[in-house]
Asker: 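Before I ask anything, let me first share the structure, which is written out below as structure tokens.
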Amino acid sequence: MGLKIYSTLTRSKEPFETIESGKVRMYVCGPTVYDKAHMGHAMSSVVFDVIRRYLEFSGYQVTHAMNYTDVDDKVIERANEIGVDPIALAEKYIHEYDRHLRDLNVMPPSVKPRASEEIDQIVQMVQALEEKGYAYEVEGNVYFRVAKDENYGKLSGRRLEDMRAGFRIDVDERKEDPADFALWKAAKPGEPAWESPWGKGRPGWHIECSAMNMHYFGDQIDIHGGGNDLVFPHHENEIAQTECLTGKEFSRYWVHNGMMRLAGADMSKSTGNVFDIDVFLQDHDADVFRLLVLNSHYRNPLTFNEDVIQQATRAVERLRGALRPASPTPGKHDEAETELVAHVENGRKGFRESMDDDFNTPGALGSIFELVRAINQARDLGVSEVALSAAQDALLELTSVLGLRLAEMRDRVGDAAPFIELLIDLRTELREQKNWELADNIRQSLADLGVLLDDGKEGTTWRAQ
RNA sequence: GGCGACGUAGCCAAGUGGUAAGGCAAGGGUCUGCAAAACCCCCAUUCGCGGGUUCAAUUCCCGCCGUCGCCUCCA
């Protein structure tokens, strides 16, 4: 029972088979860098990060490309508004986005191409399309001849006639067909422009992705991803350009994540701009966002509001709580330890089965939480440190496939452990003397430093918050 | 108008042709100097509404209602 992935192209789950055995070429559309990134971008990044991590966990060698669209109408428009150079503006937001990816614990893409750095490749591609009759030039603009592509519309399920019917009157009169789209745009004054066979100009939106794919991966890739808002026209046009040129299937799987929904009245502007990645991460742990995202299937719309943030925060605490050490005075519990081993196996199995089913992360989390309960039960029973930490290692492994960093805090205070334990011993003596006030002071002071004490029947344990 | 999704407990959310994972919240209990955590119990005879197919549907089909996305440059 191997991995299955839902492809937008076939609208069904397909067994995952790569072009090259054991290797995955994955291209994900990144942001147009004209403004601060929002939580929707973060969602998409996390979704594809988890897909990548799971593929690697499954033994694939993944090359992950993510582009930055830095030459674009919106970038130019914004740059002109504030009077800066468009490329410089894009550069600023690219830096910012890279930082967000780090903060969100998104594995760095293998390559991060930018439109402005792929001009040669783009020009070559447009030329080739022109030679094959799929493109035509009008006054320095080059358009893709949609009517010549008999498969046009196959990804989004649209028919040309339907689309033409919807066009308004303000279409570019120079196009042969209102549905044709720009491959190359003639430069207007004040815009970034490059030399080309058609005069000075810049690439259209869709061609950059086709060109980058060809540059870094060749004619075919395994996975092409992005938000489902890109299905049309962006990905539809990418397919058209690339497949008309190569005559081969462009991408084996088209993977699209659902949109984030900010709908609920509880999260309007009045709540503040919780939508910016920046702002969110100031107040919340990246793990919280990840859990929130992974708690629903990537293709479905994601509910995002204060309620679910709270719920995710508590859930992350529960996950971390499972990493608390074993009871200081373990007993002999062979049966319980055997059972714990079985739970670990079930957890792993359930996790894989869910993830193999089109990256069903909510199902995978279900298995993880079942493992959490088993670990907590075993600890309460008093199983040995060895048995418990084996299960905890499994928990850490599975959650790390989801990109969660449960152990981070624990690791961070790791060096302080001997001192914390010293304080615990001291406090235990104070408690034996019924000096509650001092004992509580120590507990509170440690809590302020992010170290929580748990007084159990068998003694006191601690955990990092 | 065209194309496409979605509607499961108070909230978030999986899932299956044979009667509903998981998380959060609420309630009861165990433990505890107190607290927190943890553990146990409890929490949808029911999966938007109305038909149909079937021995059996939340799961398949049809219709309706509702929410949402895309329809030329938004992840």
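Letters go in sequence order (proteins before strands), and every chain restarts at 1.
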Asker: With a 3.5 Å cut-off and heavy atoms only, can you find an N or O donor on one side and an acceptor on the other between the side chain of A/Arg299 and the base of B/rC6?
Answerer: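 It does not, because no donor-acceptor pair links the side chain of A/Arg299 to the base of B/rC6 below 3.5 Å.
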Asker: Under the 3.5 Å rule, do the base of B/rA38 and the side chain of A/Arg379 count as making a donor-acceptor pair?
Answerer: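 Donor-acceptor pair under 3.5 Å: no.
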Asker: Scan every strand shown for a Watson-Crick or G-U wobble partner of B/rU59, both distances under 3.5 Å, and answer none if you come up empty.
Answerer: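 B/rU59 is paired with nothing.
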Asker: With P as the reference atom in both, quote the distance from B/rC6 to B/rU59 in angstrom, rounded to an integer.
Answerer: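 Taking atom P in both B/rC6 and B/rU59, they lie 13 Å apart.
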Asker: Just to verify, what does A/Thr32 make a side chain to side chain donor-acceptor pair (under 3.5 Å) with, not counting sequence neighbours?
Answerer: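 Scan of A/Thr32 (side chain to side chain donor-acceptor pair (under 3.5 Å), adjacent residues dropped) gives none.
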Asker: Please give the distance between the C1' atoms of B/rG27 and B/rG10 as a whole number of Å.
Answerer: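 About 13 Å, rounded to a whole number of Å.
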Asker: Could you check how far CG of A/Asn228 sits from P of B/rC6, rounded to whole Å?
Answerer: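 So the CG-P distance, A/Asn228 to B/rC6, works out to 11 Å.
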Asker: Taking the C1' atom of each, how far is B/rU30 from B/rU19, in whole Å?
Answerer: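 It comes out at 34 Å once rounded to the nearest Å.
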Asker: Could you please name the partner base of B/rA38, counting Watson-Crick and G-U wobble pairs only when both distances are under 3.5 Å?
Answerer: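 B/rA38 is paired with B/rU30.
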Asker: Is there a donor on the side chain of A/Asn305 or the base of B/rC12 sitting less than 3.5 Å from an acceptor on the other?
Answerer: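 Between B/rC12 and A/Asn305, which were checked side chain against base, a qualifying N/O pair under 3.5 Å is absent.
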Asker: Show the distances under 3.5 angstrom between N or O atoms of the protein and N or O atoms of nucleotides 27-31 of chain B.
Answerer:
none

Asker: Mapping A/Ala364 and A/Gly157 onto RNA chain B by nearest heavy atom, which one lands closer to the 5' end?
Answerer: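 Closer to the 5' end of RNA chain B: A/Gly157.
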Asker: For B/rA14, give the paired nucleotide (Watson-Crick: N1-N3 plus N6-O4 or O6-N4; G-U: N1-O2 and O6-N3; both under 3.5 Å), or none.
Answerer: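 Its partner: none found.
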Asker: Taking atom types as they are modelled, would you say the side chain of A/Asn360 forms a donor-acceptor pair with the base of B/rG15 within the 3.5 Å cutoff?
Answerer: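 When only heavy-atom distances are counted, A/Asn360 does not reach the base of B/rG15 through any donor-acceptor pair under 3.5 Å.
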Asker: Let me know the distance between CD of A/Glu317 and P of B/rC24, rounded to the nearest Å.
Answerer: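 Rounded to whole Å, this separation is 10 Å.
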Asker: With sequence neighbours excluded, what pairs up with A/Glu397 under the salt bridge (charged side-chain N to carboxylate O under 4.0 Å, His left out) test?
Answerer: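 For A/Glu397, the residues satisfying salt bridge (charged side-chain N to carboxylate O under 4.0 Å, His left out) (neighbours in sequence not counted) are A/Arg348.
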Asker: Answer yes when A/Asp287 and A/Arg290 have at least one side-chain N-carboxylate O distance shorter than 4.0 Å, and no when they do not.
Answerer: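 No.
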Asker: Run the numbers on A/Arg78 and A/Glu81 for salt bridge (Lys or Arg N to Asp or Glu O under 4.0 Å), then give the verdict.
Answerer: CA-CA 5 Å; A/Arg78 178 62 54 89; A/Glu81 269 171 33; 3.7 Å; yes
Asker: Taking the P atom in each of B/rA75 and B/rC64, what is the distance between them to the nearest angstrom?
Answerer: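 35 Å, rounded to whole Å.
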Asker: Only pairs with both distances under 3.5 Å count, Watson-Crick or wobble alike; so what is the partner of B/rG4 in this structure?
Answerer: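 Partner of B/rG4: B/rC68.
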Asker: For A/Phe250, does its backbone N or O pair with a side-chain atom of A/Thr242 as donor and acceptor, under 3.5 Å?
Answerer: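 No; zero donor-acceptor contacts below 3.5 Å.
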Asker: Given the structure, check if the side chain of A/Asn376 and the base of B/rC39 hold any donor-acceptor pair shorter than 3.5 Å.
Answerer: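 It does not, because no donor-acceptor pair links the side chain of A/Asn376 to the base of B/rC39 below 3.5 Å.
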Asker: Rounded to the nearest Å, what distance is computed from the CG atom of residue A/Asn295 to the C1' atom of nucleotide B/rA25?
Answerer: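 After rounding, the gap between these two atoms is 14 Å.
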Asker: With a 6.0 Å cut-off on ring centres, are A/His235 and A/His256 close enough?
Answerer: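 Ring-ring flag for A/His235/A/His256: true, centres closer than 6.0 Å.
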Asker: Ignoring hydrogens and angles, answer whether the base of B/rG33 and the side-chain atoms of A/Asp440 contain a donor-acceptor pair closer than 3.5 Å.
Answerer: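 Result: at least one qualifying N/O pair found.
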Asker: Considering only NZ, NE, NH1 and NH2 on the basic side and carboxylate oxygens on the acidic side, decide whether A/Arg427 and A/Asp455 come within less than 4.0 Å.
Answerer: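 Yes, A/Arg427 and A/Asp455 are salt-bridged.
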Asker: A/Asp380 or A/Ser296: which one's nearest nucleotide on RNA chain B is closer to the 5' end?
Answerer: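 Taking each residue's closest nucleotide, the earlier one in sequence belongs to A/Ser296.
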Asker: Which value, in whole Å, describes the distance between the C1' atoms of nucleotides B/rC49 and B/rA14?
Answerer: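 Straight-line distance between the two C1' atoms is 24 Å.
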Asker: Picking from B/rA25, B/rA36, B/rC74, which would you name as closest to the side chain of A/Arg314?
Answerer: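 Closest of the options to the side chain of A/Arg314: B/rA25.
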Asker: Tell me whether A/Asp49 is salt-bridged to A/Arg53, with the criterion being a basic N under 4.0 Å from an acidic carboxylate O.
Answerer: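 Yes, A/Asp49 and A/Arg53 are salt-bridged.
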Asker: Between the base of B/rC73 and the side chain of A/Lys185, is one N or O donor paired with an acceptor at under 3.5 angstrom?
Answerer: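 Donor-acceptor pair under 3.5 Å: yes.
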Asker: So, under a plain 3.5 Å distance rule, would you say the side chain of A/Arg11 forms a donor-acceptor pair with the base of B/rG4?
Answerer: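 It does not, because no donor-acceptor pair links the side chain of A/Arg11 to the base of B/rG4 below 3.5 Å.
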Asker: Which nucleotide, in any strand shown, forms a Watson-Crick or G-U wobble pair with B/rU19, with both distances under 3.5 Å?
Answerer: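 B/rU19 is unpaired by these criteria.
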Asker: On the side chain of A/Gln311, is there an atom forming a donor-acceptor pair with the base of B/rG23 - under 3.5 Å, no angle test?
Answerer: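 Between B/rG23 and A/Gln311, which were checked side chain against base, a qualifying N/O pair under 3.5 Å is present.
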Asker: Could A/Lys185 and A/Asp72 be called an ion pair, given the rule that one side-chain N must be under 4.0 Å from one carboxylate O?
Answerer: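 No.
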